[in-house]
Structures are given as structure tokens and as C-alpha cells.
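Accompanying notes for the structure given below.
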Amino acid sequence: MSNTSPDFTERLLVDAGIREGMRVLDVGCGSGDVTYLLARLVGSTGAVVGADHDANALAMARQRNAPRDHAQPEFIDNDLLGLAESLGVFDAIVGRRVLMYQADTVAAVRALAQHLRPGGILVFQEHDTTLVPASLDGFLLHKRAQGWIQRMIEREGADLHIGFNLHRIFTQAGLSVETVRGECLIQTPGCPYALGHIVRACLPRILAHGVASAEEVEIETLQARLDDERTQSEGIYIGDMIFGAWAKKSR
């Protein structure tokens, strides 16, 4: 979700030390976006396992194919706190937008660390909604759409301050924190951003939690209206704050 190249997630994983030949676990993998990125980074000599408890998301992930020179991921139906011992240990464990939904984040990280080899890396990317949106111009529709997502996340019980808590969580779980970083997602008049498509993907949850009605969202025209607002403004809009952190297990 970054407008830089390579994106925030890829830079985070590379800088954390994900490289060819590693065995990596992607927890809360969903439909496999991060899993297939990991498959490229570890190459044909590595191995990647994606774990999630959403059967529909796993079905979509399994329909995708990695290029020949990438690892072909394995996908398993498994909860973050219930990983089987038979999975063995990994060189790295990765998650994106996962910790924010855990009732006890320290316990979750401790449980995952049991599946890390000594010296292994734990890498998480989380999005903090407490610092944004921000702009000097109006961007009223952008702020409204962002608000739908924020209230949905809040009603789902997520930690809205997760970015500020990453260092504490890793430390209390007994890991050695290497780096915590943050990056704003900045949108300019000439830089498109798929906020409307994100709202579309979240729409069932937005409706289920009573955040907004279908009539309020008008999903079929939302992206076009957002694009109009963006291109007609001369200002910039900060729509997301991304935090990334990695830590190591003691040898």
C-alpha cells in the first residue's frame, strides 16, 4: 500500500534479512499477497508456508501459481495460536495486519517464536489509524471513506495504536528488537490510490458492523468520486500510517 518502489512491505522484508534459501511462515496470509512476495524473495531453493483460518481466502491463494524460479507456497488452514508442532521451525515468520487483531499480542508473539529457529527473525507490518487522515485541504470524501475503515477496524476489536506498541510487544515476548520504522502513505493530485477498491473489499464488514449503509457508500461510483476529489485538489493527503518492525530470537 505504498506509492514507492519497491513497496513498504518488500523493503521491510528485505531489510529484515529475508533472502534466498530461507524457510518462511506467513501468518494470517489471506489470499496470499505477502506469501507470493516471500516466494520470490526466497527463490526456488527456499520454502514458504502460508497459514490462515479463512477457507475462502485460502482457496483463492491456492489458485495462484508462483513463477518457476520462485518457491511454490504451501497453504494450511491453521490459527495463529494453534500452529502444529509438526510444522517444525522457520528461519523467519512474517505477518501483515495480523497482530492488531490479537487479544493478547504478547502471547501470540511468544507462541510464534516457538516455531523460530535460534537467531530466527520475526517481521510484522501493522497499520496505525490514530495519526491519519491528515491534510491542509478538505478531502472530505477521502476522510469519510477512511473513517468507515477505521470505525470498522475499531468495532472488530483491533488495536488502533498497534504501531506504537510493537517494540513493547516484541520485548515482552522475549525477542530482541532490531528495528521499528514508520512511513506515511502520501497521495498527490497525480498519484492515484485505490481507496475505493479497499472500501469495496471491506464493504461486507462495514455493513455488518453498522458503520455505514450501502446507500451512504455508493460503492459503484466511490472510486471515481475519490479520483475526482484528488485530481481537483492541489494539495496532498496522508491516508495511512504504516509501521514495520522486526526482532530476533536469541541463539
Side-chain angles (χ1 to χ4, degrees), residues 1-80 83-99 109 112-127 170 175 178-183 185 191-194 197-198 201 240 242-249 251:
M1 293 177 62
S2 173
N3 58 0
T4 54
S5 181
D7 72 4
F8 183 92
T9 304
E10 182 171 349
R11 284 183 280 115
L12 177 68
L13 296 175
V14 170
D15 292 348
I18 305 297
R19 60 186 183 275
E20 287 190 13
M22 278 188 162
R23 184 170 190 253
V24 184
L25 173 66
D26 178 20
V27 292
C29 66
S31 58
D33 289 345
V34 175
T35 320
Y36 281 92
L37 169 57
L38 289 165
R40 172 162 62 84
L41 295 178
V42 304
S44 59
T45 60
V48 180
V49 177
D52 206 297
H53 56 74
D54 185 329
N56 291 330
L58 288 173
M60 288 188 286
R62 290 176 178 130
Q63 289 174 1
R64 302 165 66 172
N65 286 304
R68 186 174 300 175
D69 58 343
H70 296 191
Q72 182 59 49
E74 173 190 358
F75 291 97
I76 60 172
D77 185 348
N78 219 311
D79 187 77
L80 184 151
L83 294 172
E85 286 188 23
S86 59
L87 278 175
V89 295
F90 294 85
D91 299 303
I93 297 177
V94 172
R96 184 168 71 177
R97 288 182 178 264
V98 173
L99 280 184
V109 170
L112 290 174
Q114 293 178 8
H115 294 272
L116 273 179
R117 65 163 176 79
I121 309 164
L122 189 79
V123 191
F124 272 95
Q125 176 181 325
E126 302 290 336
H127 292 231
F170 286 179
L175 300 176
E178 298 278 307
T179 296
V180 179
R181 64 172 55 160
E183 184 172 303
L185 179 67
C191 177
Y193 176 51
H197 299 299
I198 294 171
D240 208 347
I242 311 170
F243 281 85
W246 70 85
K248 286 189 176 181
K249 183 176 180 177
R251 292 184 180 277

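Residues: numbered from 1 along the sequence shown. Being a predicted model, the structure only gives us computed values, none of them experimental.
Shortest non-hydrogen contact noted between Phe8 and Gly182 is CE1-C, 4.5 Å. Among all heavy-atom pairs drawn from Ile76 and Leu58, the shortest one is O-CD1, 3.7 Å. Among all heavy-atom pairs drawn from Leu83 and Leu25, the shortest one is CD1-CD2, 3.7 Å. Here the shortest heavy-atom pairing between Ala16 and Val123 reads CB-CG2, 3.7 Å. Between Phe170 and Ala247, the shortest heavy-atom distance links the atoms CD1-CB, 3.6 Å. The two residues Arg68 and Ser44 make their nearest non-hydrogen contact at O-CB, 4.5 Å.
In this structure, Glu126 contributes its side chain and Leu99 its backbone to a donor-acceptor pair below 3.5 Å. Looking at Asp91, its side chain does come within 3.5 Å of a backbone N or O of Arg23 through a donor-acceptor pair. A donor-acceptor pair under 3.5 Å is absent between the side-chain atoms of Gln72 and the main chain of Asn65, judged by distance alone. Judged by distance alone, the side chain of Asp52 and the main-chain N or O of Gly30 form a donor-acceptor pair under 3.5 Å. Side-chain atoms of Tyr36 never come within 3.5 Å of backbone atoms of Pro73 as a donor-acceptor pair (strictly under, hydrogens ignored).
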Would you sort out whether Leu112 and Phe90 count as a side chain to side chain contact (heavy atoms under 4.5 Å, CB included), showing the intermediate values?
CA-CA 10 Å; Leu112 290 174; Phe90 294 85; over 6 Å; no
Output, in order, the C-alpha distance, side-chain angles, deciding distance and verdict of side chain to side chain contact (heavy atoms under 4.5 Å, CB included) for Arg181 and Trp246.
CA-CA 9 Å; Arg181 64 172 55 160; Trp246 70 85; 3.7 Å; yes
Before you tell me yes or no, could you show the steps for Thr179 and Asp15 under side chain to side chain contact (heavy atoms under 4.5 Å, CB included), namely the whole-Å CA-CA distance, both residues' side-chain angles and the distance that decides it to 0.1 Å?
CA-CA 10 Å; Thr179 296; Asp15 292 348; over 6 Å; no
What do the steps show when you test Val34 against Gln125 for side chain to side chain contact (heavy atoms under 4.5 Å, CB included), and what is the final call?
CA-CA 11 Å; Val34 175; Gln125 176 181 325; over 6 Å; no
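Atom-to-atom distance recorded for Thr9:OG1 and Asp33:CG is 9.5 Å, nearest 0.5 angstrom. Note that CD1 of Ile18 and CZ of Arg40 are 13.0 Å apart. Values are rounded to the nearest 0.5 Å. Remark: Leu122 CG to Glu178 CD distance equals 11.5 Å, nearest 0.5 Å. Taken from NE2 in His53 to SG in Cys29, the straight-line distance is 10.0 Å, to the nearest 0.5 Å. Atom CG of Leu41 sits about 8.5 Å away from atom NE2 of His70, to the nearest 0.5 Å. Note that CD1 of Ile121 is 11.5 Å distant from CG of Leu175, once rounded to the nearest 0.5 Å.
Under 4.0 Å is where a charged nitrogen must lie from a carboxylate oxygen, and between Asp240 and Arg97 at least one such pair does.
Crowding of Lys248 atom NZ: a count of heavy atoms from other residues, nucleotides or ligands under 6.0 Å not exceeding 12. Within a 6.0 Å radius of CZ in Arg19, no more than 12 heavy atoms belonging to other residues, nucleotides or ligands are found.
Side-chain contact annotation: Thr45 with Glu20, donor-acceptor N/O pair under 3.5 Å absent.
Residues His115 and Val89 form no side-chain contact, since every pair of their non-hydrogen atoms from C-beta on lies 4.5 Å or further apart.
For Phe124, the ring-ring contact (aromatic ring centres under 6.0 Å, His included) test picks out no residue, with sequence neighbours left out.
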